[in-house]
Amino acid sequence: MSEKAEKIKQLFNDYVVPSYGRFDLVLDHAQGSYVWDADGKRYLDMGSGIAVCSLGHAHPELAETLAQQARKLIHISNLYYHEGQGRLAQEIVSRVGEGKCFFANSGGEANEGLYKLARKFGNETGRYEVITALHSFHGRTLAGIAATGQDKVKKGFDPVVEGFKYIPYNDLKAAEAAIGPKTAAILIEGIQGEGGITPADPVYLAGLRKLCTERNILLLMDEVQCGYYRSGSFCSFQEILKDTADGKSFLPDAFSMAKGIAGGFPMGAFWVRKPYADLLGPGTHATTFGGTPLACAVARKVLEVIERDHLAENVRKVGAVIKNAVTEMAVRYPNVIEKSRGMGFMQGFSLNMESSVFKRSSATPSVQFVNALTENGMLAIPAGASVVRLLPPLNLSAQETEEALTIIEKTAKEFNKG
Ligand SMILES: *Cc1c(COP(=O)(O)O)cnc(C)c1O
């Protein structure tokens with residue numbers, strides 16, 4: 001690392017709360033699917049800022065929209081109406097089903113809205129409990145870490161917010177058994193992200209829907225990472241269920257969004273189904289920055305470009321190419337890659353945890369592999385100790401895909417050799 005980059009790192013050491021485990025990389029600028037570090041080295045970005053930069057970096061139309069809207073109206077608060085928020089809500093509703101949207105600023109905050117919705121829904125009957133899945137991730141707010149089915153995010157932050165309970169994912173019987181007199185909702189990710197790229201199976205989703213309807217509890221979904229076309233459909237449940245009998249009729253009662261929603265501009269949101277859409281009445285929920293004219297303008301442009309450039313199709317097609325190629329690599333390098341996981345552009349692969357090739361360092365296999373990919377010119381993101389995530393921009397080209405696969409293979413080969 002150059003002196004210039006070291007100096008930037010030193011600023012973090014001196015002045016920034018050290019709550020993140022950061023890679024040893026100082027990034028400076030980006031274009032499309034590529035980012036450059038402070039020393040001028042280029043990387044293919046297969047992480048998109050954790051599934052955020054859905055149109056890649058420095059997209060000219062997003063940049064232009066930001067500049068134009070900034071000159072017209074950045075922020076007015078939610079004391080007033082403005083066209084952008086109404087139109088964006090309409091756009092989202094048209095892609096899902098009858099309902100309404102609330103706008104926030106992050107995934108954690110969007111999920112907070114879901115917990116409040118569940119509590120408001122159950123309040124009159126004394127129900128407040130939200131059942132979530134083991135290995136889930138729902139954000140780092142106090143209720144978010146309570147909702148998250150992983151102990152590591154809760155450590156040191158007792159007492160945990162009350163009213164959350166965990167079940168194994170993709171286990172319908174466990175869900176049924178967990179519902180009690182205090183249960184107001186079940187919340188799951190359509191595809192678990194941080195937990196290691198695990199899609200819900202279609203039978204599980206359809207079963208949960210039926211169960212929640214029968215027991216009069218809300219089915220909530222966290223689409224923060226897997227939503228917004230990352231799966232190949234607008235919502236992951238649409239993609240997961242598309243070839244099933246429930247595909248057309250399935251809807252959760254509410255779901256959260258964030259990450260890719262505004263292509264890198266901070267925004268979160270939730271959609272809530274018609275009979276519950278007015279549960280959170282005036283004065284019950286609010287946020288100063290939610291759905292600003294600026295955020296809404298960018299988010300609408302993101303949807304426009306995705307639609308115009310047929311990016312959902314690109315995600316489905318290229319996602320299958322990546323999946324097949326990684327599956328073949330797992331056969332060629334079983335010492336390194338265990339198997340491919342995921343769907344669309346929420347891809348990943350698990351590493352062989354037993355293999356001696358990962359015993360040479362104390363870092364987790366996922367971090368070792370991601371570090372080696374970085375060395376070879378590509379960014380990817382670990383999920384837990386064993387999984388490497390690929391969350392490329394939705395407009396990743398065929399040529400960039402080839403480049404990514406070449407780098408993954410080269411890296412696997414290097415580990416294999418030792
Ligand atoms: C990232 C993420 C969150 C939290 O979003 P923030 O914007 O970091 O608050 C919540 N749920 C899921 C599934 C996520 O991937």
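Every number for a ligand or one of its atoms is a count from 1 in the order of the listing.
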Problem set entry | For ligand 1, the residues whose heavy atoms come within less than 4.0 Å (ordered by chain, then number) | Ser106, Gly107, Gly108, Asn111, Phe137, His138, Gly139, Glu189, Asp222, Val224, Gln225, Lys259
Show me the donor-acceptor pairs, under 3.5 Å and distance only, between side chains in residues 275-295 and residues at least two apart or in other chains.
unit_1 : atom_1 : unit_2 : atom_2 : d
Asp278 : OD1    : Lys100 : NZ     : 2.8
Thr284 : OG1    : Gly281 : N      : 3.2
Thr284 : OG1    : Gly281 : O      : 2.6
His285 : ND1    : Lys116 : NZ     : 3.1
Thr287 : OG1    : Asn105 : ND2    : 3.1
Thr287 : OG1    : Glu109 : OE2    : 3.0
Thr292 : OG1    : Ala295 : N      : 3.0

For this session: Identify whether NZ of Lys or CZ of Arg in Arg42 sits under 6.0 Å from the centre of the six-membered ring of Tyr34 and within 45° of that ring's axis.
Result: yes
Problem set entry | Flag, side chain of Gln85 to backbone of His82, donor-acceptor distance under 3.5 Å | no
Exercise. Salt bridge check: are Lys323 and Glu328 linked by an N-O gap of less than 4.0 Å?
Worked result: no
Exercise. Side chains of Ser233 and Gln238: donor-acceptor distance under 3.5 Å anywhere?
Worked result: no
For this session: Could you tell me whether a side-chain N or O of Arg341 sits under 3.5 Å from a main-chain N or O of Phe349, the two making a donor and an acceptor?
Result: no
